[in-house]
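Have a look at the structure below, then the notes.
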Protein chains: 2
Amino acid sequence: MADNDAAPRTPGRTTPQPEPLWREVLGRRLRAHRMEQQEKLAETAERAGISPQYLSEIERGRKEPSSEMIAAVAGALGITLIDLTQQVAEDLRASQPQAARVPARAMLALAA
Amino acid sequence: MADNDAAPRTPGRTTPQPEPLWREVLGRRLRAHRMEQQEKLAETAERAGISPQYLSEIERGRKEPSSEMIAAVAGALGITLIDLTQQVAEDLRASQPQAARVPARAMLALAA
DNA sequence: CCGCCGATCTGCTGTGAGCAGAATCGGGTG
DNA sequence: CACCCGATTCTGCTCACAGCAGATCGGCGG
């Protein structure tokens, strides 16, 4: 159950940094939440109104969920899109090298 | 140029709060960035490797961009996915009534 | 009036979202 | 060992929509 080989198709990637993709980080966060609640895929999926297979794929970053799906899964897990997005942002920051952890605004302040 | 009538199809919405959708808030943030830089749709879209029409639709929350597209547009605007996601989270928080602005963890601390 | 420009609309096609069924995996029991 | 079961992942399929090209719109200047 350890597989994270997302097929990267990057049509116009202009950033040289190898950032993870939104769906990957989102998926990991959703799975983390589900596991904190000690829930099965089928339970959360049922409440979210989607199939367990699909939830599995979302969690593993294999599929790109629509915004409504994101909202549905978040709701099923009892979290808001606000908190979810905040946590994804934090996860993104934590997944990067030290330099990237400085917010861009702080960098601008240093430059000024 | 004031139209935000996103067609909401909410298959399993379990949260009673009328939260905006991820793509809507993301799109607004992307447009805000582009305008800060006083760029045309065509310029940013060119650098991102997508069509101007499509960028327009992304910005207006009409289309669900893939994670790679999000990364490409962010890159074209010179921002990281980290900062972008952080800002979307902040925008989400700012778009909600007062109570929703309190992070969930702070609420748990108050309950304890 | 016309032409130009930026943004949005419209219609189209290929791709992938989302699913059902099959397969795999891990754990337990006799 | 074989067998069973539940949970998760894999596989193949259909159709909705992502992404685009061409058309249209509104504003501006000559």
Side-chain angles (χ1 to χ4, degrees), chain A residues 1-14 21-24 26-77, chain B residues 1-14 21-24 26-77:
Chain A
M1 201 176 73
D3 53 344
N4 206 15
D5 52 342
R9 60 182 65 175
T10 54
R13 266 263 200 128
T14 54
L21 296 168
W22 155 254
R23 67 173 180 268
E24 293 169 343
L26 170 71
R28 277 186 228 122
R29 175 71 13 218
L30 289 174
R31 177 162 285 191
H33 269 286
R34 181 170 64 80
M35 287 182 155
E36 274 169 25
Q37 301 183 22
Q38 292 176 357
E39 281 214 327
K40 309 293 182 342
L41 277 171
E43 293 169 328
T44 305
E46 164 85 36
R47 285 206 307 287
I50 65 172
S51 73
Q53 300 95 305
Y54 186 52
L55 179 56
S56 173
E57 296 200 282
I58 290 171
E59 288 183 350
R60 289 175 289 125
R62 290 290 175 79
K63 302 280 171 142
E64 202 80 50
S66 67
S67 300
E68 285 88 356
M69 287 297 190
I70 296 172
V73 176
L77 289 167
Chain B
M1 202 177 74
D3 55 342
N4 208 12
D5 51 344
R9 58 181 70 174
T10 54
R13 263 271 194 124
T14 55
L21 295 168
W22 156 253
R23 67 175 180 265
E24 292 169 344
L26 170 70
R28 276 184 230 124
R29 173 70 16 215
L30 289 174
R31 178 163 284 193
H33 268 285
R34 179 170 64 81
M35 287 183 154
E36 275 169 25
Q37 299 182 22
Q38 294 178 353
E39 279 213 330
K40 310 292 183 336
L41 277 170
E43 292 168 329
T44 306
E46 163 84 40
R47 286 205 309 284
I50 66 173
S51 73
Q53 300 94 306
Y54 187 50
L55 180 56
S56 174
E57 296 200 283
I58 290 171
E59 289 184 349
R60 289 174 290 125
R62 291 289 174 79
K63 300 280 173 144
E64 201 80 52
S66 67
S67 301
E68 286 87 356
M69 288 295 191
I70 294 171
V73 176
L77 289 168

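Side chains are part of it too, since the values below use all heavy atoms of this structure and drop only hydrogens, waters and symmetry mates. The model shown is predicted, which means the values in this text are computed figures rather than measured ones. Each chain gets a letter, A, B and so on, in the order its sequence line appears, and its residues count up from 1.
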Notebook entry, point to check: So what does Lys40(A) hit on the nucleic acid, given a heavy-atom distance under 4.0 Å: a base, only sugar-phosphate, or nothing?
Noted result: sugar-phosphate

Item checked: Whole angstrom value for the distance that separates C1' of dG6(C) from CD of Gln38(B) -> 15 Å

Next item on the list: To the nearest Å, give me how far apart CE (Met69(B)) and C1' (dA18(D)) are.
Entry: 8 Å

Notebook entry, point to check: Which nucleotide in the list dC19(C), dA7(C), dT8(D) gets nearest to the side chain of Arg34(B)?
Noted result: dA7(C)

Next item on the list: Could you check Glu64(A) against Glu39(B) and say which one's nearest nucleotide on DNA chain C is further toward the 5' end?
Entry: Glu39(B)

Checklist line | Contacts of Gln53(B) that satisfy side-chain contact (heavy atoms from CB on, under 4.5 Å) - sequence neighbours left out | finding: Ser51(B)

Margin query: Using whole Å, what does the distance between atom P of nucleotide dG12(D) and atom NZ of Lys63(A) come to?
Written below: 13 Å

Checklist line | Any residue meeting side-chain hydrogen bond (donor to acceptor under 3.5 Å, both in side chains) with Glu39(A), in chain and number order, not counting sequence neighbours | finding: Thr44(A), Arg47(A)

Notebook entry, point to check: What is the distance, rounded to the nearest whole Å, between atom CD of Gln53(A) and atom C1' of dG21(C)?
Noted result: 8 Å

Note to self: Check this for me, if you would: do Arg23(B) and Glu57(B) make a salt bridge, where the nitrogen-to-carboxylate-oxygen distance has to be below 4.0 angstrom?
What the structure shows: no

Margin query: Does Gln38(B), at its CD atom, have more than 12 non-hydrogen atoms belonging to other residues, nucleotides or ligands within less than 6.0 Å?
Written below: no

Next item on the list: Check whether any side-chain N or O of Arg62(A) sits under 4.0 Å from OP1 or OP2 of dC10(D), and answer yes or no.
Entry: yes

Check: How would you label the contact of Glu57(B) with the nucleic acid (heavy atoms, under 4.0 Å): base, sugar-phosphate, or nothing?
Finding: base

Note to self: Using whole Å, what does the distance between atom C1' of nucleotide dT8(C) and atom CD1 of Ile58(B) come to?
What the structure shows: 14 Å

Next item on the list: Quick one: pull up CG in Leu55(A) and CG in Leu41(A) and give me the separation to the nearest 0.5 Å.
Entry: 5.0 Å

Margin query: So, OP1 or OP2 of dT8(D): does either fall under 4.0 Å of a side-chain N or O from Arg60(A)?
Written below: no

Check: Would you say dT8(C) has OP1 or OP2 under 4.0 Å from some side-chain N or O of Arg31(B)?
Finding: yes

Notebook entry, point to check: Is the distance from OP1 or OP2 of dT9(D) to the nearest side-chain N or O of Ser56(A) less than 4.0 Å?
Noted result: yes

Notebook entry, point to check: Roughly, in whole Å, what's the span from CD1 in Ile50(B) to P in dT15(C)?
Noted result: 18 Å

Next item on the list: Please report, rounded to the nearest Å, how far the C1' atom of dC10(D) is from the CD atom of Glu59(A).
Entry: 16 Å

Margin query: Which is more 5' along DNA chain C, the nucleotide nearest Pro52(B) or the one nearest Leu55(A)? Just name the residue.
Written below: Pro52(B)

